[in-house]
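Quick notes on the structure that follows.
In this text, all values refer to a predicted model and were calculated from it rather than measured experimentally. Values reported hereafter were calculated over all heavy atoms of this structure, with side chains retained and with hydrogens, waters and symmetry mates removed.
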Amino acid sequence: MSSKKQKSIRDHKDYQSEVERLEFTKEYIKSVLEMSKGNKELFVENLKEAFADLDTSDSSLSYMNLLTNAQYLELAVSELERLSSVIGKPYFSRINFTSSGDTNEEILYIGKASLFDRVNQIPIIVDWRSPIANVYYDGRLGNVTYEAYGETQSGYLSLKRQYDIENGLLKDIRDIDLTTHDELLQKSLAGKADNRLTEIVATIQNEQNEVIRASLKHPIIVQGAAGSGKTTIALHRISYFLYSSGYRFPPEKLMILAPNKLFIDYISAVLPDLGVNKIKQTTYIEFMRNCLGKKLTLISPNSKLMALINGNEKSKMIQWVSSYKGSLDFKELIDHYLKEIEYNLAPSEDFMIEKSRLMRGAKLKKLFINEFQYLPIYKRLDKIKNLLANDLRLKKLLILSKLNSKYDDALEKLLFSSRPESEKRKEKVVNFMDSKEKRISSVEKESKVAIKNYMAAFVKKDIFTLYKELMSSPELLQKYSRTLSEADSKRISNYCQRIFAKKALELEDLAPLFYMKAKLEGIEEPYKMKSIFIDEAQDYSYFQFAALKEGFETDLFTIVGDLAQGIHSYRGLNSWEPLVKDIFPNANYQTLQKSYRTTVEIMQLANEILSIMDKDLPKVEPVIRHGDKPRFTKIDPANLEQIRAILEHDIQLLKKEELNSIAIIGRTDKECTRIHKMLENSKLPIQLLEEKEDMKKGSIVILPSYLSKGLEFDAVLILTLEESYREEELDIKLLYVAMTRPMHRLYLYASAPSELLLNRVMDHGTVHIGDNRKYCAQKDTTSEF
């Protein structure tokens, strides 16, 4: 830090008191940590004693003692970890607030974790998720309000102050208002990609705060531009959810559905820092594999994407079938199919034992269709079975009693009749006795198998069999659909039969299978989530959302995505409107169009590329942070040595600027393999990134455009060797995704600007033409631009 800057901080009127406050807070945290360590040791000792006592006769009391000490141990460990993580930066802001009707001004320091004085319970640090902290994110100086526990609180905000604290040292103090230039935000945006995710809590903006703190009782759908902070906002909303409603939902019942494993690794370091532990993190495919309970062979979604990118002859069929499978029309078809399954499984025959009717078929049918409709269809059969078992147990004795009474009465009349003893009467007595024995025996025998025989008529086919029967039959498809023509039904059937012949399924088959499982069998409790957070939601289909909502029996979804990055829009999702209108009618819908990731210059070029596509997509508004224009350099794809020299030179210059998070993005996997082969003898640390791999720190990662979605880097180099981006929707979106990954630098390399669609935007002056003469023996090859 310069002496001039240091002097300006020391000149702040509250500098000394703020330094003392910071030292006090750190010392207090240290004392709490020491106490927590002691508590941990005490609880461990108590647990040992509780385990020892568990074998005694008073086991219930010992068990309760064990549970209590285990819970206290978990709290002690949690507190230890939480405070240890913030001691170097215990808070990031302060507010001075006076509640209405009160004359005492409160000075509140806001951080990632709360801390109270153990004697008087005065807050030393206020958690950023607390209701009062909303004033910091939302309120201007002056009269402000905030919501707390269902009531509106009001007061006067006289000060908003930000701190730059590093390793326990106070580096800067800023007094701010919403009208003041937010230097802390600018500093965060100018930082490096490898640590920005963990620091956003200090720079949450008003529109982001609204999303984070939006009603937790309703679903929320967020259309967020590239770089608007969708991912970090979703993560902070999880943290806020647990803080505000954690008592209702254990973390194990919250789930993040991430686009890929790479993305999970990317956010894994952030969640503990936000106080989020134990939440389920998985991909859609992985979750479905586990939940559906069968080893599934899936056609790679990326192979379908590549077929569409390459535009082969099958691409139109792939797009059409995928779109239909993801539609609500297809859901309606499945509903009709399930309705007939339900109708065919509904009992209609009377339940009989020997000659006695225990329950009418009409009543059983009514119970199945109406009374038990809250249950999955197959579980209704189990309910009927249990009902019959209970009824049989109660009525069997009554039937036997009636039989005994009937025959006993008849025998008594016969034995004590006025007729004299005769052979004929003896024969009647014997016949009566035999008949009684046979009927009682018949009741006993039939009662043992009656339920099994009755239920045998109801065949529970597994969901995979039912689904394949439906999708392989054009007759069934047309029967249950109100929109498919005969020709369309045959096209879908033929397509699916080819997939099934490979003993495989597609990603688009998972939603209907999950939906059918929910309706027929029910989702097992370990997989029934209470609140779901979906990132990159634009790559889902309408049916996927509808199936998840039905299966989980909740609409507590946080859904964030960007239609402009919808590279899987062939699945059918091109607008959020049907999602809001038909699936989540109670949803809050919000848009985030400000980009906090990249510079104005890079975002301008990305917007120009996006505008080539004839779609009504909102333009991204970059936060005012300027940098170098994106630079285009002409290359000769036949001269790989030259290209390698250019890339090595540019990367070394970037590293000198301490821009260490660098990605080389190719159009497809094949292009990336070519790039990697070209650079494999380079001195640079190169990693060809695959979907299930972790990014190696310090490496220059090479990855395809589709895999870069959701990630960010200090600098991005977009390179085309043999593949050019075409003027088609999918290619434009892929290029847009790649262009919106860098925070600071964007370099583009191709044999001609048209290879990267730059010929369409060159007139706008958004691209700087690089000079590659230093690498070439011939004359300047860039002068033509």
Side-chain angles (χ1 to χ4, degrees), residues 255-265 280-310 312 314-315 317-327 330-331 334 462-472 492-518 521 523-524 527 532 534-548 551 566-573 668-670 689-693 704 706-707 709-710 730:
M255 178 171 71
I256 299 174
L257 282 180
N260 49 53
K261 185 181 180 297
L262 182 63
F263 190 86
I264 293 174
D265 293 335
K280 188 174 182 62
Q281 304 169 57
T282 185
T283 64
Y284 176 80
I285 290 177
E286 182 184 2
F287 177 80
M288 287 297 165
R289 284 186 193 277
N290 294 329
C291 182
L292 292 174
K294 188 172 183 177
K295 190 175 181 181
L296 303 177
T297 301
L298 285 184
I299 302 293
S300 169
N302 294 334
S303 68
K304 291 180 69 173
L305 183 61
M306 290 305 106
L308 293 171
I309 291 173
N310 296 326
N312 62 33
K314 296 180 181 178
S315 61
M317 175 61 76
I318 291 172
Q319 187 167 353
W320 182 78
V321 175
S322 297
S323 178
Y324 183 75
K325 284 184 179 179
S327 69
F330 185 46
K331 175 186 173 293
I334 297 291
D462 73 86
I463 56 172
F464 295 94
T465 300
L466 288 169
Y467 184 69
K468 288 179 180 179
E469 285 179 359
L470 170 67
M471 302 307 289
S472 300
I492 293 174
S493 176
N494 291 336
Y495 180 93
C496 291
Q497 286 178 42
R498 288 194 295 271
I499 300 296
F500 297 154
K502 299 175 185 178
K503 296 184 178 179
L505 295 166
E506 296 184 301
L507 180 144
E508 291 78 16
D509 295 316
L510 299 180
L513 284 167
F514 181 79
Y515 186 72
M516 290 175 68
K517 181 178 177 65
E521 302 171 359
I523 305 302
E524 287 84 356
Y527 301 106
I532 303 90
I534 299 179
D535 204 348
E536 302 296 343
Q538 74 279 352
D539 291 335
Y540 283 65
S541 70
Y542 297 119
F543 197 172
Q544 280 178 284
F545 286 115
L548 289 170
I567 61 176
H568 294 282
S569 60
Y570 60 85
R571 292 175 186 148
L573 196 152
T668 65
D669 294 308
K670 286 185 178 180
L689 195 63
E690 296 184 2
E691 189 169 338
K692 295 182 179 179
E693 281 188 324
Y706 73 87
L707 197 55
K709 191 155 52 63
L730 182 53

TODO: Check step by step if side-chain contact (heavy atoms from CB on, under 4.5 Å) holds for Glu524 and Lys517.
DONE: CA-CA 10 Å; Glu524 287 84 356; Lys517 181 178 177 65; 3.3 Å; yes
Task: For Ser327, side-chain hydrogen bond (donor to acceptor under 3.5 Å, both in side chains) partners two or more places apart - done: none
Task: Test side-chain hydrogen bond (donor to acceptor under 3.5 Å, both in side chains) applied to Thr465 - qualifying residues, sequence neighbours left out - done: Asp462
Open item on the list: What verdict does the side-chain contact (heavy atoms from CB on, under 4.5 Å) test give for Asp669 and Leu707, after you've listed the backbone C-alpha separation in whole Å, the side-chain angles of each residue and the deciding distance to 0.1 Å?
Closed with: CA-CA 9 Å; Asp669 294 308; Leu707 197 55; 5.9 Å; no
Among all residues two or more places apart in sequence or in another chain, which pass the side chain to side chain contact (heavy atoms under 4.5 Å, CB included) test with [X]?
X: Glu690; answer: Glu693
X: Lys295; answer: none
X: Lys280; answer: Met255, Thr282, Phe287, Met529
X: Ser323; answer: none

Measuring only between side-chain heavy atoms, which start at C-beta, is [X] closer than 4.5 Å to [Y]?
X: Leu548; Y: Met288; value: yes
X: Phe514; Y: Ile463; value: no
X: Lys503; Y: Thr297; value: no
X: Leu513; Y: Leu505; value: yes
X: Pro704; Y: Met306; value: no
X: Lys502; Y: Ile299; value: yes
X: Phe464; Y: Leu292; value: yes
X: Tyr495; Y: Glu506; value: yes

On a heavy-atom basis, which atom in [X] and which in [Y] lie closest, and how many Å separate them?
X: Ile285; Y: Pro301; result: CD1-CG, 3.9 Å
X: Ala547; Y: Ala511; result: CB-O, 3.5 Å
X: Cys291; Y: Tyr527; result: SG-CB, 3.9 Å
X: Lys709; Y: Ile567; result: CE-CD1, 3.7 Å
X: Ser472; Y: Phe500; result: OG-CD1, 3.5 Å
X: Ala307; Y: Ser315; result: O-CB, 3.8 Å

State which residues pass salt bridge (Lys or Arg N to Asp or Glu O under 4.0 Å) with [X]; sequence neighbours excluded, sorted by chain then number.
X: Glu469; value: Lys461
X: Asp535; value: none
X: Glu508; value: Lys304, Arg571
X: Lys331; value: Asp335

Task: Partner set under ring pair (Phe, Tyr, Trp, His ring centres under 6.0 Å) for Tyr284, not counting sequence neighbours - done: Tyr540
Task: ring pair (Phe, Tyr, Trp, His ring centres under 6.0 Å) against Phe543, all qualifying residues, sequence neighbours excluded - done: Phe330, Tyr515
Task: Lys670, NZ atom: more than 12 neighbouring heavy atoms under 6.0 Å - done: no
State the [atom1]-[atom2] distance between [X] and [Y], to the nearest 0.5 angstrom.
X: Met516; Y: Leu470; atom1: CE; atom2: CG; result: 7.0 Å
X: Ile492; Y: Lys325; atom1: CD1; atom2: NZ; result: 8.5 Å
X: Leu730; Y: Ser569; atom1: CG; atom2: OG; result: 7.0 Å
X: Leu466; Y: Ile334; atom1: CG; atom2: CD1; result: 10.0 Å

Open item on the list: Applying side-chain contact (heavy atoms from CB on, under 4.5 Å) to Ile256 and Ile264, what does each step give before you reach the verdict?
Closed with: CA-CA 9 Å; Ile256 299 174; Ile264 293 174; over 6 Å; no
- [ ] Give the C-alpha distance, both sets of side-chain angles, the deciding distance and a yes or no for side-chain contact (heavy atoms from CB on, under 4.5 Å) between His568 and Tyr706.
- [x] CA-CA 9 Å; His568 294 282; Tyr706 73 87; 5.6 Å; no
